[in-house]
Amino acid sequence: VQLQASGGGWVQPGGSLRLSCAGSGGTLVNSAVGWFRQAPGKEREFLAAISWSGSSTYYTGSVKGRFTIFRDNAKNTVDLQMDRLNPEDTAVYYCAADKTYRRAIVPTRGDYFGSRGQGTQVTVSS
């Protein structure tokens, strides 16, 4: 499955954006999906994950309470709603699928995920 993130753009501090991760060439319904970001000069940062069933989610401390992850298996998409954005959220955001088929628990580490898909740029500035 090839993944592509979309929905990025420019937003002022305090604003919101909703990103979408779409799968092509296969289905995402049997995989947990995670969202990541990478800012210039920084390492990849794992942000959030949702289980394959959608029943469980996980957020890292930097985004917990501000970001919400959803999935729509009928549409083969996983969205990331980002609220109260700040300049430190500026980065390329991308999604990745869990390497394990129907993992019993929601992944809580970035290394559980496979190759990232094409990312989308998010810029937060005034």
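When reading the values below, keep in mind they use all heavy atoms of this one structure, side chains included, and skip hydrogens, waters and symmetry mates. Small disclaimer: the values here were computed from a predicted structure and weren't measured.
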Checklist entry - From R44 CZ over to D111 CG, what is the distance, rounded to the nearest 0.5 angstrom? => result 8.5 Å
Item to check | Point-to-point distance, once rounded to the nearest 0.5 Å, from CD1 of I50 to CZ of F70 | outcome: 8.5 Å
Next on the checklist: Can you confirm whether W52 sits close enough to T100 that some side-chain heavy atom of one is under 4.5 Å from a side-chain heavy atom of the other?
Outcome noted: no
Checklist entry - Is there a side-chain contact (heavy atoms from CB on, under 4.5 Å) between L80 and V63 once you walk through the steps? => result CA-CA 11 Å; L80 185 69; V63 303; over 6 Å; no
Next on the checklist: Please enumerate all residues that pass salt bridge (charged side-chain N to carboxylate O under 4.0 Å, His left out) together with R66, with sequence neighbours excluded.
Outcome noted: D89
Item to check | T77, V78, D79 screened by side chain to side chain contact (heavy atoms under 4.5 Å, CB included) with D72, the one that passes | outcome: T77
Checklist entry - Between atom CD of Q118 and atom CD of Q4, what is the distance when rounded to the nearest 0.5 Å? => result 4.5 Å
Checklist entry - Between atom CD1 of I69 and atom CE of M82, what is the distance when rounded to the nearest 0.5 Å? => result 12.0 Å
Checklist entry - Got a sec, which residues hit side-chain contact (heavy atoms from CB on, under 4.5 Å) with Q121, two or more places apart in sequence or on another chain? => result T90, V92, T123
Item to check | Value rounded to 0.5 Å, distance of CG in N76 from CZ in R71 | outcome: 8.5 Å
Next on the checklist: I'd like to check S16 versus Q81 (side-chain heavy atoms, cut-off strictly below 4.5 Å). Are they in contact?
Outcome noted: yes
Compile the donor-acceptor pairs under 3.5 Å between side chains in residues 25-35 and protein atoms, sequence neighbours left out, one pair per line.
residue	atom	partner	partner atom	Å
T27	OG1	V29	N	3.1
N30	OD1	R102	NE	2.8
N30	OD1	R102	NH2	3.0

Checklist entry - Less than 4.5 Å apart, any side-chain heavy atom of V124 and any of P13? => result yes
Item to check | Residues that R103 engages under salt bridge (charged side-chain N to carboxylate O under 4.0 Å, His left out), provided they are two or more places apart | outcome: D98
Next on the checklist: In the structure I gave you, are the side-chain heavy atoms of P87 and S125 within less than 4.5 Å of one another anywhere?
Outcome noted: no
Item to check | Nearest-0.5 Å distance, CZ of residue R37 to OG of residue S62 | outcome: 5.0 Å
Checklist entry - Which residues satisfy the side-chain contact (heavy atoms from CB on, under 4.5 Å) test with Q2, sequence neighbours excluded? => result S24
Item to check | Side-chain cluster (under 4.5 Å, hydrophobic types only) that V106 belongs to, other residues | outcome: F36, F46, Y58, Y94, Y112, F113
